[in-house]
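Structure record follows, encoded as structure tokens.
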Amino acid sequence: MKLSHGIHLAYCTNIHRGETWAETLGALEQYTLAVRKRVCPNKPYAIGLRLSDQASRELSDKMTMLAFQQWLGWNNCYVFTINGFPYGRFHGSRVKEQVYAPDWTTNERVEYTNRLFDLLAQLLPDGVEGSVSTVPCSFKEFIKSDEQVRMMRRNLWRCLEHIADVSRRSGKKLHLGLEPEPLCYLETSEEAVNFLGQMRADRPGDDRLDEHLGVNYDTCHLAVEFEAPQDVVRRFQQHGVKISKLHFSSALKVRPKPEVRRALKGFADDIYFHQVITRAADGAITRYKDLDVALSQPSTINLQPDVEWRIHFHVPLHSQPTPLWGTTSDHLLGVMDILKATPGLCTHIELETYTWEVLPPELKNRDVVDQLVAEYQWTLARLAERGIVAV
């Protein structure tokens with residue numbers, strides 16, 4: 001939906017299953033239109049579209065695209081952003097580290113992302129910018145050599161050349177957002193800034209980077225890194241890094257007492273990574289690849305009362321703290337405070353709680369439409385408190 005200050009808000013449809021275009025469209029018809037009816041029935045409704053590689057190939061068919069454009073018109077909907085992070089299957093079977101593959105060392109990632117921009121340019125309404133979010137280059141464990149790093153930069157430049165060409169031909173302003181995530185090649189805001197600095201050094205004076213490449217700032221991910229939103233935004237601004245899109249999401253935070261550790265077993269699943277970062281009172285940071293790995297450590301390691309765990313598990317935005325666990329919603333609210341002061345910081349916002357299918361029963365006490373509506377209501381109320389309202 002359209003908000004004041006030229007901001008667009010959507011939820012990311014990666015919450016729904018759908019690897020083919022037919023499955024993707026079916027989810028839009030079954031779920032997205034039901035959400036639209038309750039949160040934005042009489043005004044243009046924005047869709048944050050997730051397309052797998054297969055779905056993107058099928059939507060590239062001229063008649064299929066024409067039919068979808070007509071569908072959008074009939075339902076008073078529009079697409080302004082595409083989630084191009086997960087290339088393949090994202091629900092129902094083990095994803096884990098495969099969500100980062102193929103990474104930016106590969107031609108497959110370039111071709112897929114270029115195709116998404118070709119599609120987005122055809123879907124964007126006039127006067128609206130278009131964004132695509134993507135993997136943070138790779139998973140750290142995948143990168144074994146400097147040549148792989150150079151290849152990632154070269155491939156991103158190839159993609160930027162394509163984005164610039166599509167932008168010129170279509171008259172649309174398009175940009176790609178690298179999405180820092182725990183234990184990935186780009187994990188922190190500092191790593192993102194440094195990498196983009198290396199890309200600038202590859203081609204000094206080429207302004208296509210600043211225009212078409214930035215970051216997708218996921219508030220869950222950088223909260224898990226114990227970063228403060230004021231520091232993140234200041235760092236990006238000081239180094240001229242575009243915030244291409246904001247993902248509004250919250251993570252779990254806990255003190256790992258025995259009863260908490262028992263409760264956390266309900267959040268460990270076989271589908272997604274739930275990276276854990278812990279911080280002690282002296283600031284010492286420890287990283288665990290997954291929640292089950294952290295829970296397998298002897299409890300004496302983390303029983304000190306001053307240790308805090310932050311867990312990459314996207315919990316519903318309206319989730320209330322319990323005696324056992326809290327959320328990083330303070331980080332998200334801090335970003336909203338910055339938007340209040342600087343509403344032009346970023347015009348693309350996406351709600352992204354893709355973990356619906358693996359939520360513990362106490363958090364999955366309503367159907368997915370009710371869940372999404374509640375997230376919209378919470379978000380719109382918090383934004384309204386800061387003077388950002390639907391228009």
Hey, what do you get for [atom1] ([X]) to [atom2] ([Y]), rounding to the nearest 0.5 Å?
{"X": "L49", "Y": "L51", "atom1": "CG", "atom2": "CG", "result": "4.0 Å"}
{"X": "I277", "Y": "W309", "atom1": "CD1", "atom2": "CH2", "result": "13.0 Å"}
{"X": "L317", "Y": "R382", "atom1": "CG", "atom2": "CZ", "result": "11.0 Å"}
{"X": "R150", "Y": "N155", "atom1": "CZ", "atom2": "CG", "result": "13.5 Å"}
{"X": "S167", "Y": "L174", "atom1": "OG", "atom2": "CG", "result": "3.5 Å"}
{"X": "L123", "Y": "K172", "atom1": "CG", "atom2": "NZ", "result": "8.5 Å"}

Using modelled atom types only, decide if a donor and an acceptor are shared between the side chain of [X] and the backbone of [Y] within a distance under 3.5 Å.
{"X": "T24", "Y": "T20", "answer": "yes"}
{"X": "T328", "Y": "A223", "answer": "no"}
{"X": "T106", "Y": "D103", "answer": "yes"}
{"X": "Q30", "Y": "G26", "answer": "no"}
{"X": "S4", "Y": "V389", "answer": "yes"}
{"X": "N75", "Y": "C77", "answer": "no"}
{"X": "Q148", "Y": "S145", "answer": "yes"}
{"X": "T342", "Y": "G344", "answer": "no"}
{"X": "H274", "Y": "A268", "answer": "no"}
{"X": "T113", "Y": "V110", "answer": "no"}

Going hydrophobic residue to hydrophobic residue with side-chain gaps under 4.5 angstrom, can you get from [X] over to [Y]?
{"X": "L59", "Y": "L28", "value": "yes"}
{"X": "F142", "Y": "V95", "value": "yes"}
{"X": "L252", "Y": "F226", "value": "no"}
{"X": "L351", "Y": "F80", "value": "yes"}
{"X": "F195", "Y": "V241", "value": "yes"}

Less than 3.5 Å apart, any donor N or O on the side chain of [X] or [Y] sitting next to an acceptor on the other?
{"X": "W21", "Y": "Q54", "answer": "no"}
{"X": "E129", "Y": "H348", "answer": "no"}
{"X": "N14", "Y": "H91", "answer": "no"}
{"X": "K245", "Y": "S131", "answer": "no"}
{"X": "N107", "Y": "R158", "answer": "yes"}
{"X": "N216", "Y": "S244", "answer": "no"}
{"X": "T353", "Y": "E375", "answer": "yes"}

Quick one: list whatever passes salt bridge (Lys or Arg N to Asp or Glu O under 4.0 Å) with D370, sequence neighbours left out.
->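 Here the qualifying residues are R38.
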Is it true that atom [atom1] of [X] has more than 12 heavy atoms of other residues, nucleotides or ligands lying nearer than 6.0 Å?
{"X": "N365", "atom1": "CG", "result": "yes"}
{"X": "K340", "atom1": "NZ", "result": "no"}
{"X": "Y31", "atom1": "OH", "result": "no"}

Are any of the side-chain nitrogens in [X] or [Y] under 4.0 Å away from the carboxylate oxygens of its partner?
{"X": "R208", "Y": "E211", "answer": "no"}
{"X": "E308", "Y": "R310", "answer": "yes"}
{"X": "D337", "Y": "R386", "answer": "yes"}
{"X": "R94", "Y": "E97", "answer": "yes"}
{"X": "D165", "Y": "R168", "answer": "yes"}
{"X": "E187", "Y": "K140", "answer": "yes"}
{"X": "R115", "Y": "D53", "answer": "yes"}
{"X": "K265", "Y": "D292", "answer": "no"}
{"X": "R279", "Y": "E225", "answer": "no"}

Does the ring of W356 carry K364 above it, NZ/CZ under 6.0 angstrom from centre and within 45° of its axis?
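Flagged: K364 positioned over aromatic ring of W356.
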Test: R153 cationic atom under 6.0 Å from W157 six-membered ring centre, within 45° of axis
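Ring-cation test returns no.
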- [ ] Taking all non-hydrogen atoms of both residues into account, name the closest pair between L213 and K242 and its distance.
- [x]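 Nearest pair, atom of L213 first, then K242: O-CB, 4.1 Å.
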Show the nearest heavy-atom pair for residues H8 and G6, with the distance to one decimal.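 Looking at all heavy atoms of both residues, the closest pair is CD2-O, 3.4 Å.
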- Between Y272 and F90, does the ring centroid distance fall short of 6.0 Å?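 Yes; F90 has its ring centre under 6.0 Å from that of Y272.
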* Is the gap between the ring centers of H314 and H247 under 6.0 Å? ->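 Not close enough - the centres of the two rings lie 6.0 Å or further apart.
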Do [X] and [Y] come within less than 4.5 Å of each other through their side chains, counting heavy atoms only?
{"X": "T379", "Y": "Y11", "result": "no"}
{"X": "L3", "Y": "T347", "result": "no"}
{"X": "V132", "Y": "L120", "result": "yes"}
{"X": "R287", "Y": "Q275", "result": "no"}
{"X": "H221", "Y": "E179", "result": "yes"}
{"X": "R57", "Y": "Y112", "result": "no"}
{"X": "T188", "Y": "E227", "result": "yes"}
{"X": "L339", "Y": "L246", "result": "yes"}

Output, in order, the C-alpha distance, side-chain angles, deciding distance and verdict of side-chain hydrogen bond (donor to acceptor under 3.5 Å, both in side chains) for S189 and R235.
CA-CA 7 Å; S189 61; R235 179 172 288 118; 2.7 Å; yes
| field | Evaluation steps, side chain to side chain contact (heavy atoms under 4.5 Å, CB included), between F236 and V193 | value | CA-CA 7 Å; F236 288 156; V193 163; 3.8 Å; yes
- Starting from the C-alpha separation in whole Å, work towards a yes-or-no answer on salt bridge (charged side-chain N to carboxylate O under 4.0 Å, His left out) for D202 and R154. CA-CA 9 Å; D202 289 337; R154 286 196 294 268; over 6 Å; no
What orientation do Y100 and F139 show, parallel under 30°, tilted 30 to 60°, or perpendicular over 60°?
->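 Geometry flag for F139 against Y100: parallel rings.
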Do Y185 and W104 pass the ring-ring contact (aromatic ring centres under 6.0 Å, His included) test, and can you show the C-alpha distance, the side-chain angles, and the key distance before you say yes or no? CA-CA 11 Å; Y185 186 75; W104 276 100; over 10 Å; no
Is there a side chain to side chain contact (heavy atoms under 4.5 Å, CB included) between R50 and Y354? Walk through the geometry before answering. CA-CA 11 Å; R50 185 257 159 161; Y354 62 82; over 6 Å; no
